[in-house]
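Written below as structure tokens is the structure these notes are about.
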4 protein chains.
Amino acid sequence: MDIGFIGLGNMGRGMAANLIRAGHRVTVYNRTAEKMTALVQQGATPARTVAEACAGDAVVTMLADDKAVEQVAFGENGILASLRPGATHISSSTISVDLSKKLTSAHHEAGQLYVAAPVLGRPEAATAARLFVIAAGAPQVLDPLTPLFDALGQRTFVVSEHPHTANLVKLSANFLIASVIESLGEAMTLIGKAGVDPLHYIDILTASLFSAPAYQTYGGLIARQDFEPAGFMARLGLKDVQLVLAAAEDLQVPLPVASLLRDRFLALVAAGAGHLDWSAIATLAARDAGGDSDHST
Amino acid sequence: MDIGFIGLGNMGRGMAANLIRAGHRVTVYNRTAEKMTALVQQGATPARTVAEACAGDAVVTMLADDKAVEQVAFGENGILASLRPGATHISSSTISVDLSKKLTSAHHEAGQLYVAAPVLGRPEAATAARLFVIAAGAPQVLDPLTPLFDALGQRTFVVSEHPHTANLVKLSANFLIASVIESLGEAMTLIGKAGVDPLHYIDILTASLFSAPAYQTYGGLIARQDFEPAGFMARLGLKDVQLVLAAAEDLQVPLPVASLLRDRFLALVAAGAGHLDWSAIATLAARDAGGDSDHST
Amino acid sequence: MDIGFIGLGNMGRGMAANLIRAGHRVTVYNRTAEKMTALVQQGATPARTVAEACAGDAVVTMLADDKAVEQVAFGENGILASLRPGATHISSSTISVDLSKKLTSAHHEAGQLYVAAPVLGRPEAATAARLFVIAAGAPQVLDPLTPLFDALGQRTFVVSEHPHTANLVKLSANFLIASVIESLGEAMTLIGKAGVDPLHYIDILTASLFSAPAYQTYGGLIARQDFEPAGFMARLGLKDVQLVLAAAEDLQVPLPVASLLRDRFLALVAAGAGHLDWSAIATLAARDAGGDSDHST
Amino acid sequence: MDIGFIGLGNMGRGMAANLIRAGHRVTVYNRTAEKMTALVQQGATPARTVAEACAGDAVVTMLADDKAVEQVAFGENGILASLRPGATHISSSTISVDLSKKLTSAHHEAGQLYVAAPVLGRPEAATAARLFVIAAGAPQVLDPLTPLFDALGQRTFVVSEHPHTANLVKLSANFLIASVIESLGEAMTLIGKAGVDPLHYIDILTASLFSAPAYQTYGGLIARQDFEPAGFMARLGLKDVQLVLAAAEDLQVPLPVASLLRDRFLALVAAGAGHLDWSAIATLAARDAGGDSDHST
């Protein structure tokens, strides 16, 4: 397939490389052009504009937030203005349910196709093609994309025919991870104050009932106080919790744990620590127990 | 070894059977005598009193709560009065940190040995000898007990020399499970209201970042609304959250997620649903979103 | 003074009448024209358009929410397009801090003046000219408006030179009222379940440490379960808590009690009870304690 | 009347003095004897033991906590052992609902009378006989005590025939005050970060909808950061919130605001600031917003 790829950050880079490796013709675009260099060496064609990345069968967007996607999609010479009728916009960014609905209508009106395909996994998984793809859209649009998804991840889950439900599932998964972080932060503060070694504690948990990546990854980061450089920044964690709360508000669903998480992330960002890994909210439980939470390093 | 076993409930039954199967001489005691019958057929000796179950090298207690353990330990002709010097009380019940400290001192003063060895796992795991044993106590006391622990579970973790820390770790694990239930309840209400199938959702989670027993077991129960008969009753969940909060209070550790869980369990019990599986707190998130939470079946 | 008044709801009606009574020339505008009739009989001039209400020295807006104010202010032939240079827009609606900032800039650029003057008090107080006016704006703009504010309320407080701070103070006061409602709801559920009479309880509180209108008004409504017709609807309470949380998010201030209130209002609205008085969130505390909270009347 | 008075702390001192002033014969007892000197000069008879203070018609206890009351009531030569049949124990301390129930039965069995008469107000109000007395007990026991209550406070409220309900109402009032403190702390952090002067803000609140002592007293303390010396220490605030939560647990009433307050007080005590006035929990809201909360003075 002939694919455009817009957004070459920590995640997008690895994903685009895997599409090239799978034999697709990939045209890459990134606002900061130097990020394209490595991929061009791997065989990608560099695009000078968003429009140039929209000339093929499909274009993937993997951008930081709603604002970035809105600009690229609705902006002058953006995706909506450039994609040919019948071509597909594959939106892999973690965006709001609202924006995904807006993109669904806009592409429909423009005679273009739209699917949401956000991914689960950190940058290492993107590089290793070990992501999980959460896809939603019309079956006839999704089916031909199977080889692309297979190139990006270890498994694809189709959620429903409505693209925005994939975004909701992705946001809910991030909410679940954040709630694991908070609970681990509280539990580790407790057992730590009783003299139990936090690393040993994480060994016990992950060898028994909590043998899942979420516990292994974040339990380790918290036990080692290893928050910098961030795999996923606290300020992005705040953004995602805000998006899940906004979606829940629209559906009239109170989420008390998400409310608590929002307050935690807000406190971390207010303390000037929004650049740390989002697992650093665990330091707030420690601080509330009389410990230190010095983020001034 | 010559072992007494006190408390033949859902968990204790399977544990005692596995000790017999491993070749130990087991004397069983249960307040309701008929529960001993099956084990006697498997080779156990029935005891008519607590004291009779305390004649060997060690006695295991696997009882419902602090009150039951206090009665059996400190009561007339109880364990403290009956165990011979140098013999060991292995406390496997989920009891308070405070009571475990009290037992440590009392057995020490009586010239007896005491270790805490609470277990992780539901009744099925107890029967299948697939429990995880969380042990704490002096190394010279714990070491000779290794074969016993091996007969009960798939793996033993030694937490520290202080018995009560094993109880704290066990309680903290129950807190983590309860927080998984609450978060899943919130997330599943959200995606369910958006039209995503809850069972499919749990498949996605457990096939990706949340591939742990806690998510599989409770995700399934919540998706199927399968709360009766209870694997672990909500009223016991309330008790355990109260115990973890009490221990945290002593250590001056605020646990906001545990506070929220306490209020959830309390609401469930107040609604007359304390006999349901503790995963039924997930129905409260659904109710708060305008759904039904009829527990009147 | 020659004043336009836009928005003749429960609050605006009484306020406009008091301006007429104080001898000002008042031109009224309301989307639903029949609401103007009574005021015209009292001496007001009816306007057929927003623009017609903007011909004088000042125009007061007293509308339901941000959307209504945005339309009237920024819409075609709206206030910004119609007000003469040097004339003042007095914004008395409970709107977001953000919109108030936007209005400040827009009026400044248009050579017009802008002050925020939201009010504290329910419709009865508006009718009786017993409101409290929370004003903010440049002193030279506010000073000439003193007679207007005196006609509307029993006292005016000038918060700062920045109009949006008055909106923040107003929102924070609504947050404080909502937190009184929630706390009273919890306390009254508690003492009620112990057999103490709720009306007597409110007498005790308001005769001692809580002798304030907020406790008298809402304590009485809760004790009598008197939620319909609403003095202030729960769905507007939800909106205001959302606005206070949004303002707090911008200022990076976590507000855990406001988060809890948001979840309460959301649950009430999800239960189909958004039309009840906002004090009806007290029924949720009662419901969580095993009581009924039937909103199906 | 011939009255014993046990417990001459900040509150008891003023109360005992007012009983003397009203013409009663007062015998005082305090563990630390020097605290009796001033009252003896005012006309009190010093008792060397609890028993000596129990020789009259009634004995008032005004002590710090359950433990102190238990010791004085149930201890050797305590009130139960010393009070003559038909004489009355007036329990004015802020104690648990449970202990009040226990005292009701114990005095009943001993042929003695018991009423609960906790008070609302800080030490200044005790001195000025401006307390509010919350009384509960059998009418025939309470009626003759009216002159005593009149001497202590500005008004007496009779809650019910069951003494423990007065303790519950008192605890619930402390819960309401603590929730005012927390809400004010959050609101003042918010408006303060927006540049509004906190003292002016409190003026606005207390001149309008929040014209109650609770807002005046605590709003002022928070605005001036005046937490030392404490009128009521944070560690006692923690105790009272724990007591209200314990009573609510027995009645199966979730109190989410009280849960939040418990975590706040626990955090303050964990930070080594349990000796500050309980209004210092407001500093935690400020800290969570990125401000300082240095308690190291």
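Naming: A, B, ... by sequence-line order, numbering from 1 per chain. Since the structure is predicted, the reported quantities are computational estimates derived from the model, not experimental observations.
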For B/Leu251, is it the side chain, the backbone, both, or neither that has a heavy atom closer than 4.5 Å to a heavy atom of chain A? both

Surrounding CD of B/Glu124 (heavy atoms of other residues, nucleotides or ligands, distance under 6.0 Å), is the total greater than 12? yes

Against chain B, work out which of A/Gly195, A/Ala136, A/Ala214 has the most heavy-atom pairs shorter than 4.5 Å and name it. A/Ala214

B/Leu171, part contacting chain A, at a heavy-atom distance under 4.5 Å: neither

Nearest heavy-atom contact between A/Phe157 and B/Asp203 is CE2-O, 4.4 Å

Relative to chain A, which of B/Val244, B/Ile134, B/Asp250, B/Ile191 shows the most heavy atom pairs under 4.5 Å? B/Ile191

What option among A/Ala173, A/Pro256, A/Gly185 has the most heavy-atom pairs under 4.5 Å with chain B? A/Pro256

Taking the side chain as everything from C-beta on, heavy atoms only, tell me whether B/Glu182 gets closer than 4.5 Å to A/Ser179. no

Non-hydrogen atoms of chain A under 4.5 Å away: do they reach the side chain of B/Leu205, the backbone, both or neither? side chain

Side chains of A/Leu209 and B/Ile177, heavy atoms from C-beta outward: is any pair under 4.5 Å? yes

Check each atom of A/Ser208 against the heavy atoms of chain B and say whether the ones under 4.5 Å are side chain, backbone, both or neither. both

Portion of B/Ala207 that has a non-hydrogen atom of chain A nearer than 4.5 angstrom: both

Let's test your reading of the structure: which of B/Leu176, B/Leu120, B/Asp288 forms the most heavy-atom pairs below 4.5 Å with chain A? B/Leu176

For chain A, which of B/Thr165, B/Thr189, B/Val169, B/Thr217 has the most heavy-atom pairs under 4.5 Å? B/Val169

Let me confirm one number: the CG-OG distance from A/Leu261 to B/Ser183, rounded to the nearest 0.5 Å. 7.5 Å

Bottom line for B/Val97: the part with an atom under 4.5 Å from chain A's heavy atoms is neither

Part of B/Arg264 lying under 4.5 Å from any heavy atom of chain A: side chain

Assert top hit (heavy-atom pairs under 4.5 Å, partner chain B, pool A/Pro213, A/Pro254, A/Ala247) equals A/Pro213

Pick one of side chain, backbone, both or neither for B/Leu131, based on which atoms fall under 4.5 Å of a heavy atom in chain A. neither

Heavy atoms from other residues, nucleotides or ligands near CZ of B/Arg130 exceed 12 (cutoff 6.0 Å): no

Measure across B/Gln252 and A/Lys193 and return the closest heavy-atom pair with its distance rounded to 0.1 Å. O-NZ, 3.2 Å

Top contributor to chain A contacts, counting heavy-atom pairs under 4.5 Å, from B/Val180, B/Leu184, B/Ile204, B/Thr206: B/Ile204

Examine whether an atom of A/Leu260 lies under 4.5 Å from a heavy atom of chain B, and if so say whether it belongs to the side chain, the backbone or both; otherwise answer neither. side chain

What part of B/Val158 gets within 4.5 angstrom of chain A, counting heavy atoms only: side chain, backbone, both, or neither? backbone

Non-hydrogen side-chain atoms of A/Val159 and B/Tyr201 separated by less than 4.5 Å: no

From NE2 (A/His200) to OG (B/Ser160), nearest 0.5 Å: 10.0 Å

Side chain, backbone, both or neither: which part of B/Phe132 has a non-hydrogen atom closer than 4.5 Å to chain A? side chain

Treating B/Glu186 as the side-chain partner and A/Val257 as the backbone partner, does any N or O pair qualify as donor plus acceptor under 3.5 Å? yes

Heavy-atom nearest pair, B/Ser211 first then A/Ala212, reads N-CB, 3.5 Å

Does some side-chain heavy atom of A/Phe175 sit less than 4.5 Å from a side-chain heavy atom of B/Leu190? no

